[in-house]
> 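Mind looking over this structure? Questions follow.
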Amino acid sequence: MAPPACRTLGRHCHALDVAIRVASLEGSEDHDGTWMLGHTERVAFGPLTTTEDELWTTARLHIPCRHLRQGTGDHVRCLAHGFVGEVPAPERPEQSRQLGGDRFRVVDGRRMVTRELPLAPRSRRELPMQESSNPCATARCRTADGKIGAACCRDMQVEVRCPPEHDLLESLLRHRKAPYLCKVDREQDDDEMVTVEILSACGYLLEDGISCALHGRHRPDGRVAKPELCSAWPKKRTGLHPGCAFRSRKVPL
């Protein structure tokens, strides 16, 4: 595959600005938005907007081009075209999702807002939680960088607006550094969207890298705080995780 037809070094060497489709406006967009905008490790999200019957966001993908070689300081070299120069990496804004105590940043009313999300009170009749109640705790699924466990909390598949005539953007996407951005696919030649897989860990993960800080919490209107797609636990002995990017694959146990 030929490298992108770049004419010079620039910010695109370090990061890409894109528009991402978050969800259809069907009642679950706050959950879908909280899930997507939680994946902040390598993605800086902009504001949410509505277009017709869909929820969108702008985003900066902080994943460098695979042809980029970093020197001392801001000095870089492009191995594809031979460009050499000073190109500083763009700064990443603070995107905390856990603000301490019961305060979190979540999508509510199609906007990213700060909310108090208390833990639901436990019933005195409630049975002790079994260690196996979180299937991600013992899952052998792994992301493309080889990390094992809670793969669906560090991997996401998204749809990026990239009409066929935007061939430079598509080429830049296809030449990001793998495995942090990979599997760029356009189902039909005339599709306005391409799907990409991105490794960008969720900001709601606790220090163990598996447990979710939103688990067991509720929004002020009574809805659960944890995104719905994260709570679709798999059936026993299937090796499948319906709520993650690997739901269509069989994961060896």
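Just so you know, these numbers come straight off a predicted model, no measurement behind them. All values below were derived from every heavy atom in this structure, side-chain atoms included, with hydrogens, water molecules and symmetry-related copies excluded.
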> Between R97 (side chain only) and H39 (backbone N and O only), is there a donor and an acceptor less than 3.5 Å apart?
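Pair absent, no side-chain N/O of R97 close to backbone of H39.
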> Side-chain contact test, heavy atoms from C-beta onward, threshold under 4.5 Å: evaluate it for D145 versus R154 and give yes or no.
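Contact flag for D145/R154 side chains = yes.
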> Closest heavy-atom contact between L68 and C13?
CD2-O, 3.5 Å
> Are the side chains of R223 and D108 in contact, using a 4.5 Å heavy-atom criterion?
yes
> Mind checking whether P164 and E192 have side chains closer than 4.5 Å, heavy atoms only?
yes
> So, for V22 and G33, which heavy atoms are closest and what is the spacing to 0.1 Å?
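Heavy atoms only, the tightest pair is CG1-CA, 3.6 Å.
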> With a 6.0 Å cut-off (strictly less than), is the heavy-atom count around CD of E52, excluding the residue itself, greater than 12?
no
> Within the structure provided, determine whether L37 and L48 are in side-chain contact (heavy-atom separation under 4.5 Å).
yes
> If we ignore hydrogens and angles and just use 3.5 Å, is the side chain of E170 paired with the main-chain N or O of L168 as donor and acceptor?
no
> Are the side chains of M36 and F45 in contact, using a 4.5 Å heavy-atom criterion?
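In short, these two side chains touch, coming nearer than 4.5 Å.
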> So, using side-chain contact (heavy atoms from CB on, under 4.5 Å) as the criterion, who are the partners of D167 when residues are at least two apart?
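With sequence neighbours excluded, D167 shows a side-chain contact (heavy atoms from CB on, under 4.5 Å) to no residue whatsoever.
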> Using the test side-chain contact (heavy atoms from CB on, under 4.5 Å), find all partners of A5 that sit at least two apart in sequence or belong to another chain.
none
> Is it true that a side-chain atom of H14 and a backbone atom of V87 form a donor plus acceptor pair closer than 3.5 Å?
yes
> I need the I198 CD1 to L181 CG distance, nearest 0.5 Å.
5.0 Å
> Please name the residue in the list R176, K177, R174, E197 that meets the side chain to side chain contact (heavy atoms under 4.5 Å, CB included) test with C182.
E197
> Under the 3.5 angstrom rule, does the side chain of T143 hit a backbone N or O of A151 as a donor-acceptor pair?
no
> Between G146 and R142, which heavy-atom pair has the shortest distance, and what is it?
O-NH1, 3.9 Å
> Do T195 and K183 come close enough that some side-chain heavy atom pair is under 4.5 Å?
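Of all side-chain heavy-atom pairs linking K183 with T195, none is under 4.5 Å.
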> What's the separation between atom CG in L119 and atom NE2 in H218, rounded to the nearest 0.5 Å?
10.0 Å
> Is V224 linked to F104 within one hydrophobic cluster, defined over Ile, Leu, Val, Met, Phe, Trp and Tyr using a side-chain heavy-atom separation of less than 4.5 Å?
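No; tracing contacts between hydrophobic side chains, which count when under 4.5 Å, never links both residues.
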> Should R103 and T114 be marked as a side chain to side chain contact (heavy atoms under 4.5 Å, CB included) after you check the CA-CA gap, both sets of side-chain angles, and the distance that decides it?
CA-CA 7 Å; R103 298 175 66 248; T114 300; 3.7 Å; yes
> Will you find, in the side chains of T34 and R219, an N or O donor that is under 3.5 Å from an N or O acceptor?
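Note: T34 and R219 side chains meet the donor-acceptor criterion.
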> Taking the side chain as every heavy atom from C-beta outward, state whether C65 and H12 have any pair of such atoms under 4.5 Å apart.
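Side chain of C65 against side chain of H12, heavy atoms only: no contact under 4.5 Å found.
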> Once you round to the nearest 0.5 Å, how far does CZ of R66 lie from CG of L79?
11.5 Å
> Hey, which of Q98, M112, Q95, R115 is the one that makes side chain to side chain contact (heavy atoms under 4.5 Å, CB included) with R105?
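Single pass found, and it is M112.
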> Is L172 reachable from F83 through a run of I, L, V, M, F, W or Y residues, each pair having side-chain heavy atoms under 4.5 Å apart?
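No; L172 is not reachable from F83 via cluster members.
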> Between H175 (side chain only) and S171 (backbone N and O only), is there a donor and an acceptor less than 3.5 Å apart?
yes
> Is a donor on one side and an acceptor on the other found under 3.5 Å between the side chain of D30 and the backbone of G109?
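Answer holds: yes.
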> Side chain to side chain contact (heavy atoms under 4.5 Å, CB included) for I63 and L199? Distances and angles first, verdict last.
CA-CA 10 Å; I63 301 171; L199 295 189; over 6 Å; no
> Looking at C212 and L206, what are the two nearest heavy atoms and their distance?
C-CG, 4.3 Å
> Please round to the nearest 0.5 Å and tell me the distance separating atom CG of D191 and atom CG of D185.
9.0 Å
> In the single-linkage hydrophobic clustering (I, L, V, M, F, W, Y; side-chain heavy atoms under 4.5 Å), do V184 and L16 co-cluster?
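Yes; L16 is reachable from V184 via cluster members.
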> With distance as the sole test, does D17 use its side chain to make a donor-acceptor pair with the main-chain N or O of R60 at under 3.5 Å?
no
> Taking all heavy atoms of R42 and all of R92, pick out the closest pair and write down the distance.
CA-NH1, 4.1 Å
> Is a side-chain donor or acceptor of H81 paired with a backbone partner of P4 at a separation under 3.5 angstrom?
yes
> How many angstroms lie between CG in L99 and CG in D102, if you round to the nearest 0.5 Å?
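Reported to 0.5 Å precision, the distance equals 11.0 Å.
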> Going from CG on L205 to CD on E207, what distance comes out if it is rounded to the nearest 0.5 angstrom?
11.5 Å
> Is there a side-chain contact between H75 and E86 (heavy atoms, below 4.5 Å)?
yes
> Could you tell me whether the side chain of H67 and the main chain of A80 form a donor-acceptor pair under 3.5 Å?
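Pair absent, no side-chain N/O of H67 close to backbone of A80.
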> Check whether R217 reaches the backbone of L117 with its side chain - one donor and one acceptor, N or O, closer than 3.5 Å.
yes
> Applying a strict under-4.5 Å side-chain criterion to I, L, V, M, F, W and Y, I'd like to know whether M156 and V106 cluster together.
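Shared cluster, no.
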> If you compare all heavy atoms of S200 against all heavy atoms of T40, which two are closest, and at what distance to 0.1 Å?
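Smallest interatomic distance, heavy atoms only, reads OG-C, 3.6 Å.
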> Are V43 and W56 co-members of a hydrophobic cluster defined by side-chain heavy atoms under 4.5 Å apart?
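In one cluster with W56: V43, no.
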> Within a 6.0 Å radius of atom CD on E91, are there more than 12 heavy atoms belonging to other residues, nucleotides or ligands?
no
